[in-house]
Structure formats: structure tokens, C-alpha cells
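Below is one structure, written out as C-alpha cells; comments come after it.
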Amino acid sequence: MMGTRAMLFEAPGDFTLAQQRRIWALTEASRECRDVAEVIVGVTNLMLVFSQAPENPKVVADWLLKAWDTLPERHIKGKLFEIGVRYGGELGEDLVHVANHACLSREDVISIHHGAEYTVCALGSVPGFGYLHGLDPRIATPRKSVPSLKMLAGTVTIGGRQAGISALTGPNGWNSIGFTEISLFNPNQESPSLFAMGDRIRFYPESINL
């Protein structure tokens, strides 16, 4: 339990697309429950927020565990976004660090990064930010011990085993490898977030500055 009106479910095992699809299935089933006011989806986890504190949290927990074991994966046919990236340069200053960590050339890091297709697993952290699955493990790089204080919105990043695009300007501990002009969040639109769960992303180089 998280306080009296919320319960966090965390999936076992690694961050895989199959695990996330099971989280999506559990999310859909949870939304049908009468006392669930909101379901918040994370990376291989979800949180149920109840309209009132459940009388017996163990009953809810048992239902979640049984649903996790029995529900099939949920496949979401999202949109495909092709996003141009200006790799390297001042706005991709951590490209060198990523290359050194991976024992690869900067050209290889760029090629590997834009050669993959990514899936938006969840939205969170800040409005509009999508957690992306699909990063090639060869270029996975731990987050920085000292974060950048003012990373611009649109910065293309790597944080551990995940890829991302900064949605807002501010402090950020992920590694910057490039920049895109795309805007991920607009509060004045009917759907403020550009991405949704299940969307797919392919990056391509608009320019390369080594």
C-alpha cells in the first residue's frame, strides 16, 4: 500500500517489452474495477488509486497477482513517429562519454541509436516524457552522477537501459547525445502529450557534429 488509498504493483524480472505488455493488460483490467478511481502506469509497474480506502487490501493484492499470472499480453497499435536528430555538438555533449563507456566510436553509437525502433512504455517523470524501450544494450550508459542543471527540452538522451527525449527544460541526469526540435507537451492542446503508450519511434540523423 501507498498510504491508505493507493497500491503499487511492481512486476518481477527485467524491463522487457513482454513484461510491459502484461502491465498494460493489468492496467486495462484494473480500470474495470468499481473502486479504482485512477490507474497510473509506470515502467513495469502500476499504481491503483482507490475512491476510498479498501477494507481488505489483501483481497486486492491477491486479485492483482492472479491477474498478472493469467492475463495475456496486451498489444497496443500506436502511432509511428519518425524523429530527426542533430547528433553530437553542444546539445549532445555526452555523446563522447557514451562512446567511451561502450568502447565504441561516436559514429557507431549514433548508428546503433538510430538503427533501433523504440516503444513508448509509459509517460511520467515530467508531463509528456515517454519512457522508451528498445535501446540496444551495447550503448546503455548509467545516468550521470552529477546532473546537467539546464538540459533543454528536445534533448535526445540515454539513461541506463532506456532512451528518451527531454520533455521540459531543467535538471537532468540522463546522457545527452543529440537534439530534436519536436515538442512533446503542449498544455493548450486537447491531448497535451504528443506520445501515448504503445507509440513507436524511429530516429534518423538530420545532422552529425563530432
Side-chain angles (χ1 to χ4, degrees), residues 1-33 35-51 53-54 57-79 81 116-137 140-144 147 151 153 155-168 170-175 184-185 187 191-201:
M1 291 294 293
M2 307 289 287
T4 59
R5 290 185 50 237
M7 179 177 288
L8 179 67
F9 177 90
E10 295 189 88
D14 295 330
F15 172 41
T16 67
L17 195 52
Q19 291 287 77
Q20 192 66 29
R21 286 170 175 156
R22 294 176 70 189
I23 286 290
W24 292 344
L26 194 56
T27 298
E28 187 175 39
S30 298
R31 285 174 174 157
E32 300 299 320
C33 296
D35 295 330
V36 173
E38 186 178 6
V39 183
I40 302 170
V41 185
V43 175
T44 63
N45 64 68
L46 61 82
M47 187 168 69
L48 306 184
V49 180
F50 304 100
S51 54
K58 186 178 183 303
V59 171
V60 182
D62 288 345
W63 176 83
L64 282 168
L65 292 169
K66 182 178 180 180
W68 172 258
D69 288 335
T70 57
L71 287 173
E73 296 177 12
R74 180 189 177 198
H75 291 255
I76 302 175
K77 189 176 177 59
K79 298 177 182 178
F81 293 86
E117 182 175 281
Y118 301 85
T119 300
V120 179
C121 288
L123 298 174
S125 178
V126 298
F129 179 76
Y131 289 96
L132 306 184
H133 179 274
L135 183 70
D136 191 302
T141 306
R143 301 181 189 186
K144 296 184 286 190
M151 188 177 288
T155 303
V156 177
T157 58
I158 291 174
R161 295 177 297 164
Q162 297 179 44
I165 305 171
S166 297
L168 300 176
N172 196 314
W174 291 39
N175 300 282
L184 300 185
F185 184 75
S191 297
S193 295
L194 179 65
F195 298 147
M197 287 190 313
D199 285 346
R200 294 165 294 129
I201 294 172

What's the separation between atom [atom1] in [X] and atom [atom2] in [Y], rounded to the nearest 0.5 Å?
| X | Y | atom1 | atom2 | answer |
| --- | --- | --- | --- | --- |
| Leu17 | Thr44 | CG | OG1 | 12.0 Å |
| Leu71 | Trp24 | CG | CH2 | 15.0 Å |
| Thr27 | Met47 | OG1 | CE | 12.0 Å |
| Ile165 | Ile201 | CD1 | CD1 | 5.0 Å |
| Leu8 | Leu46 | CG | CG | 7.5 Å |
| Phe185 | Leu168 | CZ | CG | 7.5 Å |

Applying side-chain hydrogen bond (donor to acceptor under 3.5 Å, both in side chains), can you list everything that pairs with Asn45, at least two apart in sequence or on another chain?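 Per chain and number, Asn45 pairs via side-chain hydrogen bond (donor to acceptor under 3.5 Å, both in side chains) with no residue.
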side-chain hydrogen bond (donor to acceptor under 3.5 Å, both in side chains) partners for Arg74, two or more places apart: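 Checked Arg74 against side-chain hydrogen bond (donor to acceptor under 3.5 Å, both in side chains); zero matches.
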Distance-minimising heavy-atom pair for [X] and [Y]:
| X | Y | answer |
| --- | --- | --- |
| Trp63 | Cys33 | CH2-SG, 3.8 Å |
| Ala140 | Leu135 | CA-CD2, 3.9 Å |
| Val41 | Cys121 | CG1-O, 4.4 Å |
| Gly159 | Arg143 | CA-CG, 3.9 Å |
| Ala167 | Pro127 | CB-O, 3.4 Å |
| Ala122 | Met197 | CA-CG, 4.2 Å |

In chain order, what residues pass the side chain to side chain contact (heavy atoms under 4.5 Å, CB included) check against Met151, with sequence neighbours excluded?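 Met151: side chain to side chain contact (heavy atoms under 4.5 Å, CB included) contacts with Lys144, Ser148, Thr155, Thr157, Ser166, Asn172, Ser176.
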Side chain to side chain contact (heavy atoms under 4.5 Å, CB included) with Thr141: which residues, sequence neighbours excluded?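 In terms of side chain to side chain contact (heavy atoms under 4.5 Å, CB included), with neighbours along the sequence ignored, Thr141 is linked to His97, Val98, His101, Ile158, Asn175.
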What pairs of residues pass the side-chain hydrogen bond (donor to acceptor under 3.5 Å, both in side chains) test when at least one of them lies in residues 4-15, not counting sequence neighbours?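 Not a single pair qualifies under side-chain hydrogen bond (donor to acceptor under 3.5 Å, both in side chains).
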Contact list for residues 116-127, test side-chain hydrogen bond (donor to acceptor under 3.5 Å, both in side chains), sequence neighbours left out: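 Qualifying pairs: Glu117-Arg202.
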Could Asp62 and Lys58 be called an ion pair, given the rule that one side-chain N must be under 4.0 Å from one carboxylate O?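 Judged by the 4.0 Å cut-off on N to carboxylate O distance, Asp62 and Lys58 do form a salt bridge.
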Report yes or no: does Gln20 contribute a side-chain atom to a donor-acceptor pair with the main-chain N or O of Gly42 at less than 3.5 Å?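 Checked: pair present.
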Check whether Asp199 reaches the backbone of Lys79 with its side chain - one donor and one acceptor, N or O, closer than 3.5 Å.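 Side chain of Asp199 to backbone of Lys79, a donor-acceptor pair under 3.5 Å: yes, one is there.
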Determine, stepwise, if the pair Leu48 / Leu64 fulfils side-chain contact (heavy atoms from CB on, under 4.5 Å). CA-CA 10 Å; Leu48 306 184; Leu64 282 168; 4.0 Å; yes
Would you please classify the geometry between the Phe9 ring and the Trp68 ring as parallel, tilted or perpendicular, with 30° and 60° separating the classes?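 Because their plane-to-plane angle lies in the 30° to 60° range, the rings of Trp68 and Phe9 count as tilted.
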Please work out whether the ring planes of Trp174 and Phe129 are parallel, tilted or perpendicular, with thresholds of 30° and 60°.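 Perpendicular: the ring planes of Trp174 and Phe129 meet at over 60°.
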Val120 vs Phe81 side-chain heavy atoms within contact, under 4.5 Å: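 Side-chain contact under 4.5 Å: no.
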